[in-house]
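What follows is one structure encoded as structure tokens, with my remarks underneath.
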Amino acid sequence: MAELRLELVTRENVRNACLLRLRPDQEDLVAPVAWSLADAYAWQDVAWPRLVYLGDQLVGFVMGAFGADDSSDLFRAYLWRLNISADHQRTGAGRFAVGEFCHEAFRRGHDRVTVSFHPGENGPEGFYQRLGFRRTGAVNHGEVVAECVLTADGQLPGPAA
């Protein structure tokens, strides 16, 4: 069985990355991968973009931001974007991508990560809650801010009991 893995964005895979499609009811909830890659180019000093593969098949995109010197707690270890293809949602690819971002955050000395998202019926709040994210009460550009305190070994804690 093919395994999930992260890969750097390269000139060989960037076009396929830009073709990644979400479900139609989610397209207004997260920026397209092409926009995310433009942001990563403009914010090279903090952006951490990666592609998610299942075997040889591109199934997703995850981008974090690590702004260790940022005065805002939100952006120190921030899950900036997560796009999982429509055909690969609910397969573990999203959990894997977020988990890998959390491993990177932990490797960089962070014990807490943040995310912001649009609330609503088709939004990702339930997904993030299942991973252990909790609302902070803050709002960033109209998006709900949530945080996750990682376990002692840098893992996602999962839902609160």
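Fair warning: this is a prediction, and the values are worked out from it, not measured in the lab.
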* Asked: Residues in side chain to side chain donor-acceptor pair (under 3.5 Å) with Arg130, at least two apart?
  -> none

* **ILVMFWY cluster, Leu4 and Leu82 together (side-chain gap under 4.5 Å)** => yes

* **Flag side-chain contact, heavy atom, 4.5 Å: Gln155 against His103** => yes

* **Residues which pass side-chain contact (heavy atoms from CB on, under 4.5 Å) with Pro124, listed by chain and number, not counting sequence neighbours** => Phe117, Tyr128

* Hey, could you give me the CG/CG distance between Leu29 and Asn122, rounded to the nearest 0.5 Å? => 6.5 Å

* Is a side-chain N or O of Asn13 found less than 3.5 angstrom from the main chain of Thr10, in a donor-acceptor match? -> yes

* Asked: Closest approach of Ala97 and Val52, non-hydrogen atoms and distance?
  -> CB-CG2, 3.8 Å

* To do: Check Ala31 against Asn83 and note the closest heavy-atom contact, atom names and distance.
  => O-ND2, 3.0 Å

* Asked: With side chains defined as the heavy atoms from C-beta onward, is the minimum distance between Gln89 and Gln26 less than 4.5 Å?
  -> yes

* Structure fact -> Separation between CG (Leu54) and OG1 (Thr91), nearest 0.5 Å, reads 7.0 Å

* **Nearest atoms (heavy-atom pairs only) where Pro157 meets Leu131** => CD-O, 3.6 Å

* Between Leu58 and Val14, is there a shared hydrophobic cluster once you connect ILVMFWY residues whose side-chain heavy atoms come closer than 4.5 Å? -> yes

* Should the pair Glu3-Arg5 be classified as a salt bridge under the 4.0 Å nitrogen-to-oxygen rule? -> no

* **Inter-residue atom distance Asp28.CG - Leu22.CG, 0.5 Å rounding** => 10.0 Å

* **Identified ring pair (Phe, Tyr, Trp, His ring centres under 6.0 Å) partner of Phe101 from the options Phe66, Phe96, Phe106** => Phe66

* To do: Any chance you could measure Leu20, atom CG, to Asp87, atom CG, to the nearest 0.5 Å?
  => 10.0 Å

* Asked: Is there a side-chain contact between Arg76 and Arg112 (heavy atoms, below 4.5 Å)?
  -> no

* Starting at CZ of Arg50, measure out to CG of Leu8 and round the result to the nearest 0.5 Å. => 4.5 Å

* **Leu156 versus Cys148, closest heavy-atom pair with distance** => CD2-SG, 3.9 Å

* salt bridge (Lys or Arg N to Asp or Glu O under 4.0 Å) partners of Arg21, counting only residues at least two apart -> none

* **Tyr78 side chain near Asn140 side chain, heavy-atom distance below 4.5 Å** => yes

* Structure fact -> Paired with Cys102, the side-chain contact (heavy atoms from CB on, under 4.5 Å) test is passed by just one of Asp111, Thr151, Val113, namely Val113

* Does one hydrophobic cluster hold both Val145 and Val46, with members joined at side-chain heavy-atom distances below 4.5 Å? -> yes

* To do: Under the side-chain contact (heavy atoms from CB on, under 4.5 Å) rule, collect the residues that match up with Ala40, sequence neighbours excluded.
  => Ala47, Pro49, Met63

* Asked: Taking all non-hydrogen atoms of both residues, which atom of Val59 and which atom of Ala93 are closest, and how far apart?
  -> CG2-CB, 4.1 Å

* For Phe127 and Gly94, which heavy atoms make the closest approach, and how far apart are they? -> CZ-C, 3.6 Å

* To do: For Glu100, enumerate each residue passing the side chain to side chain donor-acceptor pair (under 3.5 Å) test, keeping only those at least two apart in sequence or located in another chain.
  => none

* To do: Using atom types as modelled and distance alone, determine if a side-chain donor or acceptor of Arg134 lies under 3.5 Å from a backbone N or O of Gln129.
  => yes

* Could you please spell out the steps behind the side chain to side chain donor-acceptor pair (under 3.5 Å) verdict for Ser85 and His88? => CA-CA 5 Å; Ser85 72; His88 289 88; 3.0 Å; yes

* To do: Only pairs at least two apart or in different chains count here, so list each side chain to side chain donor-acceptor pair (under 3.5 Å) that has a residue in residues 37-48.
  => Asp39-Arg81

* In Å and rounded to the nearest 0.5 Å, what is the CD to CG distance from Glu121 to Asp25? -> 8.5 Å

